[in-house]
Amino acid sequence: MNEVTLFATCLGEEFFPGAIAAARAVLSRLGLEVIVRREAFCCGQAAFNEGMRREACELATRFLAAHKAGTPLVVPSGSCASMIKVFYPDLLAGEPTLLEAARALIPWVHEFSEFLVDVLGVADVGASFPHAVTYHPSCHLLRELQVVDAPRKLLQNVRGLRLCELPRSTECCGFGGLFSVKFPDISAAMLADKCRCIEQSGAEFVVANDGGCLMQMGGGLHRAGSRVRARHLAEILARR
Amino acid sequence: MLPNGPEAFYAAAGKAAADKELNRKLDNASARHLEHLAAAKREFAAYESERDLARRIKEESIERLDRLLSELRQRLEARGVKVFFAADAAGARDYILKVAREGGVKRVVKGKSMTTEEIGLNPALEQAGIEAVETDLGEYIVQLRREPPSHIITPAIHLSSEDIGHLFAEKLGMDYSSDPPALTAVARARLRDKFLNAEMGITGVNFAVAETGTLVVVENEGNGRFCITAPDIHVAVMGIEKVIPKFEDLSHFLEILARTATGQRFTAYTSFLGAPRGANELDGPREMHLVILDNGRTRMLADPVMREALYCLRCGACLNVCPVYRHIGGHAYKSAYPGPIGSIVSPGLFGAAAAGHLPFASTLCGACREICPVKIDIPRILLHLRWKMTEGGEKVAWPQAAARVRTAARWFARAARYPGMVRAAGRLGAVLLKPFAHDGYLRRMPGPFGAWTRVRDFPAPPANGAGLADSDSGFVTVDRYETVMARIRRGLAPGAAQESANHVEPSPPPRTLDADELRAQFIAAAGAVGASVIEASTAAAAVEKIAAILSNAGADSAAIGAGITIDSAAVTARLSRGGCRITTVGGPGATQAALKESLASVDAGIVEADYGIASSGTLVMVADAARPRSLSLLPPINIVMLRAARILPDLAAVLRIVGPQAASAHPIVMITGPSRTADIEKRIVIGVHGPSQLHIVIVWQSGG
């Protein structure tokens with residue numbers, strides 16, 4: 001059995017379908033059969049982070065109905081993956097049946113880069129991308145899931161790719177979900193720092209594994225008139 | 001300063017976020033702090049295991065809080081310390097005012113204490129006609145500006161040395177200088193007189209040990225020592241969470257606190273106290289009070305998630321790594337506790353209406369948890385509080401724009417239950433927005449998204465379907481990596497990639513060092529913190545060395561403690577020959593007045609340390625009638641004799657030995673280097689209120 005489920009995520013479906021298609025392509029090339037379950041749209045992270053646990057719980061219920069233990073579930077977003085792996089147990093603490101389903105599913109859930117490197121043991125997916133690229137470690141990926149090296153390993157093995165050092169890389173880009181629109185002034189100040197560091201890196205592309213960071217950094221760079229583009233890791237790995 | 005709702009926060013944070021200069025100052029200070037911390041971690045292999053131990057002790061302490069507090073109270077009261085439990089801020093303020101009134105207090109000198117900020121003590125003292133003088137350099141600076149501290153341990157972090165130079169020129173009439181040592185010297189001169197002419201000293205408490213009834217005060221400048229030594233009345237103020245069970249537990253906290261807060265091994269001064277002045281002692285407070293404050297802490301305790309917030313050591317590290325704090329500074333929070341730790345404790349201390357918005361002002365990036373010495377899961381507590389403020393019956397008065405965003409989020413979450421519907425809506429939106437997109441981005445969006453496009457562009461949703469078409473259009477599906485199949489099967493087993501998180505190997509016990517190695521280690525460590533160390537083979541040789549130090553420093557006068565283990569008459573005779581006026585203090589028949597008189601103007605104080613700590617170059621002194629505390633504090637030059645045999649490997653070894661003395665309430669001080677501060681731009685300046693020179697004379701020969 002070499003079947004995996006890919007969770008497209010709500011931001012992925014709405015704003016980065018290219019990244020989802022790319023993730024799917026990368027996984028297919030590795031000989032996996034990739035399934036996307038259309039019954040679930042959102043893991044509930046935005047509602048959970050805003051304190052709206054009733055709404056988040058409804059979404060988690062749908063998510064758990066659509067995704068079962070037994071098939072690896074690949075999530076191309078650090079924050080969605082940590083929502084399921086780290087925060088579902090908190091969210092569902094009062095719902096024994098759902099909690100049990102979540103606990104059973106969690107060991108099968110993997111963030112995209114971690115799945116490739118740590119589960120499949122693949123650091124070279126045969127991609128080629130002759131550009132200067134820098135990597136922004138998304139906070140949830142880094143600090144909730146402790147995925148540190150996998151994305152860099154994958155990028156280092158891309159033909160022609162020059163990996164540029166990002167100054168102050170582990171600092172948050174300022175997205176933070178609804179924080180970005182509830183506290184736009186603070187978010188913008190954080191984003192300005194991040195954009196400056198990205199420019200300093202000398203890269204043509206900034207890569208992250210999270211739709212939120214991509215929206216934030218992409219929008220910030222574009223507004224500032226920068227030539228640097230934000231891309232999902234999968235979009236780089238899918239290029240030949 | 002107390003938080004007062006979201007509107008004020010929005011106004012202050014918005015203004016501060018646009019202040020590039022403030023951001024630059026905070027970035028510089030934070031970068032310096034992080035460098036110091038990284039260096040401190042590199043040289044201390046046990047940092048991680050000590051962190052885990054410290055956390056475990058806090059967990060256990062909080063679980064037994066009631067018993068520990070009653071033990072602490074009982075021990076302190078048995079020795080004549082007045083212990084007062086305050087339910088709220090007003091209770092604590094009123095008690096302190098009552099003590100001040102009864103003691104005829106006109107001036108209070110204050111050591112750094114965030115708890116007194118929390119209860120708004122200074123305005124209350126001033127209203128009662130009592131002068132309250134902040135003596136920590138950073139606190140002194142912000143008090144001159146009549147503003148609250150903007151950081152837990154670096155109160156003037158929002159000011160540059162130029163800002164402070166202008167402030168001192170205006171308020172203190174000195175010539176303008178932006179040189180941190182020059183500014184520090186002015187503060188020293190101004191405050192010395194205040195210390196010696198204050199009736200009451202007020203300090204915080206870093207740790208309170210139940211077993212021995214000991215309060216521990218940690219500081220660098222010597223101002224804390226002044227506050228607990230010079231005035232006749234000492235009032236210590238602490239939250240209920242500061243108590244720990246055993247004296248030996250202190251080692252785990254003291255090994256990590258300074259390292260995390262400032263990158264130091266230890267702060268210059270760690271004072272242990274547990275009683276008013278003893279019958280024969282010549283200095284120290286005649287009257288000692290401990291105020292133990294609840295003020296919302298028991299609410300936090302009752303909530304199993306919030307409880308963890310009570311483990312906080314108030315090291316301030318989470319502020320320095322917080323990207324939100326670094327952009328808005330401490331004042332925007334309008335709370336005595338700004339930054340991540342403030343956002344979790346302020347709602348508990350000041351209530352939801354005042355501070356319930358603060359847990360939302362975070363991106364949940366987790367940098368705070370990573371740096372926290374006791375690993376408080378701040379993001380999880382923020383999420384918990386957001387929930388309480390949303391569904392838990394506590395309400396935040398959101399400004400209209402934020403309220404609209406929240407409503408939109410709620411409707412999105414509800415709609416997302418029906419994936420087909422949201423996808424259709426998404427496609428429709430994409431089609432409608434397409435004409436407005438340039439280069440894949442939108443410059444302006446309606447409704448709650450307007451806040452987004454005010455500051456950055458919005459990615460235009462691709463209009464050609466949701467992208468989940470089954471084809472890999474644009475990508476070529478070719479070769480399969482057959483070889484990975486075996487790995488897949490192995491890798492797909494649940495849990496395979498899950499191990500090793502958070503497990504910390506206990507560090508191996510350090511190799512036992514012999515006496516020569518201990519001495520060498522001590523000398524290197526003491527030198528690293530700015531002490532000068534000289535070795536002498538005999539007591540007689542030591543006296544010669546001391547004479548040389550005095551003559552090199554140009555000292556005309558010195559005071560020597562009667563408790564020194566060399567024949568003090570011989571020392572006096574030898575040193576007097578060198579032209580130095582020598583006074584012996586603390587001998588039979590000595591009085592407080594005589595002590596004050598002798599120490600008021602001498603250049604040097606000569607004392608003997610009871611122990612040395614090799615790993616940190618720390619001197620440990622137990623005070624008594626023959627060894628007054630002021631002797632190592634007031635004179636600008638401090639000469640300390642240390643017997644080589646008294647050098648112990650580490651803090652834990654010293655704590656084991658001095659524990660019984662702490663239990664019998666002998667005041668103990670640990671001195672690591674000369675007094676210092678980093679309150680101006682985090683630049684280190686040597687010599688604040690305590691001595692600016694520390695000379696250590698190690699004597700090899702045992703006995704007299």
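Below, chains carry the letters A, B, ... as their sequence lines are ordered, and counting in each starts from 1. This structure is a prediction, so every number in the text was calculated from the model and none was measured.
For A/H140, the part sitting under 4.5 Å from any heavy atom of chain B is the side chain, from C-beta outward, and nothing else. Within the 4.5 angstrom heavy-atom criterion, only side-chain atoms of A/R168, from C-beta onward, approach chain B. Both the backbone and the side chain of A/E50 have a heavy atom closer than 4.5 Å to some heavy atom of chain B. There is no contact between A/C195 and chain B, counting heavy-atom distances below 4.5 Å. For a residue to count as touching a neighbouring chain, one of its non-hydrogen atoms must lie under 4.5 Å from one of that chain's; by this rule A/A40 touches chain B with the backbone only. Using a 4.5 Å cut-off between heavy atoms, A/L191 touches chain B through its side chain atoms alone. Within the 4.5 angstrom heavy-atom criterion, atoms from both the backbone and the side chain of A/Q216 approach chain B.
Side-chain contact between B/C365 and A/R143: present, with at least one pair of heavy atoms (C-beta onward) separated by less than 4.5 Å. Contact annotation: the side chain of A/F87 approaches that of B/L383 to within less than 4.5 Å [non-hydrogen atoms, C-beta and beyond].
Residues A/R223 and B/T453 have side chains that never bring a donor and an acceptor to within less than 3.5 angstrom of each other. A side-chain donor from one of A/D193 and B/H327 sits under 3.5 Å from a side-chain acceptor of the other.
With respect to the salt-bridge test (charged N to carboxylate O, under 4.0 angstrom), the residues A/R53 and B/E391 do not qualify.
Across B/R369, B/K15, B/R326, B/R414, the residue that shares the most heavy-atom pairs under 4.5 angstrom with chain A is B/R369.
Taking the six-membered ring for Trp and thresholds of 30 and 60 degrees, B/Y10 and A/F183 have nearly parallel ring planes, at less than 30 degrees apart.
Checked against a 6.0 Å centroid threshold, the rings of B/F458 and A/F15 count as neighbours.
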